[in-house]
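Read through the structure below, which is laid out as structure tokens, and then see the notes.
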2 protein chains.
Amino acid sequence: MPTDDAAPLRADARRNLEKIMSAARDVVVEHGLDAPMELVARRAGVGVGTLYRRFPTREALLGAVAEAYVADLVTATRRIIDGAVDSWSALRELVDWCASPGQGALAAALADLPVAQVQALPAFARSRHEWLELLDGLVTDGQRAGMIRADIGTGDLVALLTVFTCHPDQLPRHVADQPARYLHLMLDALAATAPRATPLPGTPPS
Amino acid sequence: MPTDDAAPLRADARRNLEKIMSAARDVVVEHGLDAPMELVARRAGVGVGTLYRRFPTREALLGAVAEAYVADLVTATRRIIDGAVDSWSALRELVDWCASPGQGALAAALADLPVAQVQALPAFARSRHEWLELLDGLVTDGQRAGMIRADIGTGDLVALLTVFTCHPDQLPRHVADQPARYLHLMLDALAATAPRATPLPGTPPS
DNA sequence: GGCAACCGGAATGCCTCATTCCGCTTGGAG
DNA sequence: CTCCAAGCGGAATGAGGCATTCCGGTTGCC
């Protein structure tokens with residue numbers, strides 16, 4: 001998002017800026033990180049020129065979207081955690097939120113995929129860190145309470161959320177069609193149960 | 001693979017054909033279905049011209065790779081099933097095989113992603129059907145024996161195999177690094193357990 | 001009313017491939 | 001050993017897709 005210490009925008013320009021941000025978010029959720037700029041412009045009902053007046057490059061736009069997106073994610077996650085009775089149900093609600101249509105867990109994708117330019121944005125990094133911390137609390141709590149198996153880590157959760165909610169083109173039809181189904185399957189996998197016959201291979205990522 | 005009823009290939013040509021098929025398989029596993037032809041050529045230590053003398057179009061090459069790949073998959077799956085003591089351990093071994101490096105479950109991806117030209121190849125379709133039938137037997141058996149939960153279907157298994165073994169570029173680093181870890185995690189989710197608090201949302205894909 | 005800030009979108013330039021072409025090599029039949 | 005069709009490598013061609021630029025025409029707002 002452009003810094004607002006410059007001259008204030010004209011009313012119509014501000015309106016357009018909002019349309020652009022919103023369109024960009026939708027387009028990125030639907031078409032992935034490399035969606036063409038023109039798609040964003042068309043979706044916003046605006047010419048590409050307008051878009052470029054506000055964001056000098058594609059990276060700038062993606063950065064703005066990313067920052068807004070992770071910020072949202074943090075807010076939603078915090079709200080869910082505050083309202084839930086225990087960490088397990090918080091987890092379930094979080095999963096549902098991520099799977100809800102138009103929501104996507106794109107932020108999770110952004111948080112993991114290598115978009116150097118975006119990762120470097122301070123605001124993005126800060127929010128991302130905050131989010132990871134929230135998740136970490138959730139997982140740790142759940143494990144202490146014996147609701148989540150001990151051999152997985154927050155990184156596993158992030159990885160799985162990312163996988164099942166990235167944009168549809170990259171997923172098998174079934175998964176793209178009902179992300180919630182697979183996310184809940186994943187939750188079942190994370191739940192603590194009787195000792196398992198064979199340990200999980202590999203190590204939980206940091 | 002070109003029909004062999006034509007004039008027999010010169011010795012060096014046959015050698016090159018093999019190098020090409022092998023390279024193509026590797027490249028597709030590593031870079032996905034839209035890897036550039038030149039990558040294949042370079043990997044095979046051959047000029048693009050050579051590659052095009054054998055396969056008239058990109059589709060032809062992909063088709064050949066796909067056919068060979070699914071055929072392999074069927075063979076391996078059958079071998080695993082025949083050698084396993086029960087369907088659950090067969091499933092586990094199958095997962096390990098798919099996750100083994102350089103193996104990829106690309107065939108599974110091919111089986112699901114919409115590559116019309118490839119899906120239409122009779123040999124491919126036949127093998128794919130055969131494979132699905134094998135998996136179906138596995139799942140049904142496992143369910144009858146009470147080892148696999150009843151509310152999932154073969155399609156779920158295929159979807160999961162596909163997701164976790166598609167080429168690395170599309171997966172979060174952690175998942176790409178240890179596909180076996182996540183496949184086994186999901187396997188745990190497929191296992192039959194005490195009745196679950198909440199039913200799985202959605203329906204098992206056919 | 002006047003003009004700086006805005007707009008839309010055609011035009012430009014770059015890049016990434018698939019596919020083709022052609023002059024040079026080389027198995028292997030006779 | 002000769003010869004030439006079958007092979008070969010890889011530069012060149014052409015199409016398509018996309019970010020970004022430019023500019024003649026609008027429009028908030030003082």
Side-chain angles (χ1 to χ4, degrees), chain A residues 1-24 27-28 30-66 115-118 167 169-170, chain B residues 1-24 27-28 30-66 115-118 167 169-170:
Chain A
M1 199 113 50
T3 49
D4 45 74
D5 51 45
L9 292 176
R10 232 166 64 176
D12 56 343
R14 184 167 32 261
R15 216 163 20 243
N16 276 337
L17 177 55
E18 267 157 37
K19 285 195 288 184
I20 289 172
M21 284 292 285
S22 156
V27 166
V28 170
E30 282 173 32
H31 299 271
L33 285 173
D34 33 6
M37 293 296 258
E38 201 190 328
L39 226 55
V40 175
R42 195 151 36 217
R43 176 83 150 237
V46 136
V48 274
T50 303
L51 190 155
Y52 272 92
R53 178 172 346 268
R54 231 38 86 191
F55 301 95
T57 70
R58 153 195 204 67
E59 254 65 35
L61 175 55
L62 285 182
V65 170
V115 186
Q117 307 259 338
V118 169
H167 66 278
D169 298 357
Q170 315 211 336
Chain B
M1 198 115 53
T3 48
D4 44 75
D5 51 46
L9 292 176
R10 232 165 63 174
D12 56 343
R14 183 167 33 259
R15 220 168 10 247
N16 276 338
L17 177 55
E18 267 157 38
K19 284 195 288 184
I20 289 172
M21 285 292 286
S22 158
V27 166
V28 171
E30 282 172 32
H31 299 270
L33 283 173
D34 33 5
M37 293 296 259
E38 200 190 330
L39 226 55
V40 174
R42 196 151 36 215
R43 177 82 152 235
V46 137
V48 274
T50 303
L51 190 156
Y52 272 92
R53 173 153 322 88
R54 229 40 84 193
F55 300 95
T57 71
R58 154 194 203 66
E59 253 65 35
L61 175 55
L62 285 181
V65 170
V115 186
Q117 307 259 339
V118 168
H167 67 280
D169 297 357
Q170 317 212 332

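What you see is a predicted model, and the numbers here were worked out from it, not measured in a lab. In what follows, every chain begins at residue 1, and chains take the letters A, B, ... in the order their sequences are listed.
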Indicate yes or no: at least one non-hydrogen side-chain atom of [X] is less than 4.5 angstrom from one of [Y].
{"X": "B:Leu61", "Y": "B:Arg58", "answer": "no"}
{"X": "A:Leu51", "Y": "A:Glu38", "answer": "no"}
{"X": "A:Val40", "Y": "A:Phe55", "answer": "no"}
{"X": "A:Met21", "Y": "A:Arg54", "answer": "no"}

Mind listing the N/O atom pairs, protein and nucleotides 22-26 of chain D, below 3.5 Å?
none

Reading DNA chain C in the 5' to 3' direction, which nucleotide is the first one with an atom under 4.0 Å from a heavy atom of chain A, and which is the last?
C:dA5 to C:dA10
Salt bridge (charged side-chain N to carboxylate O under 4.0 Å, His left out) partner of B:Asp12, the single match among B:Arg10, B:Arg14, B:Arg15
B:Arg10
Whole angstrom is fine here: how far is it from NZ in B:Lys19 over to C1' in D:dG7?
12 Å
If you look at every heavy atom in A:Arg43 and A:Ala23, which pair is closest and at what distance?
CG-CB, 3.5 Å
Looking at DNA chain C, which of residues 35-43 of chain A put a heavy atom within less than 4.0 Å of it?
none
Any side-chain N or O of B:Asn16 less than 4.0 Å from the OP1 or OP2 oxygen of D:dG7?
no
Value for CD (A:Glu18) from CD1 (A:Ile20), rounded to nearest 0.5 Å, stands at 10.5 Å
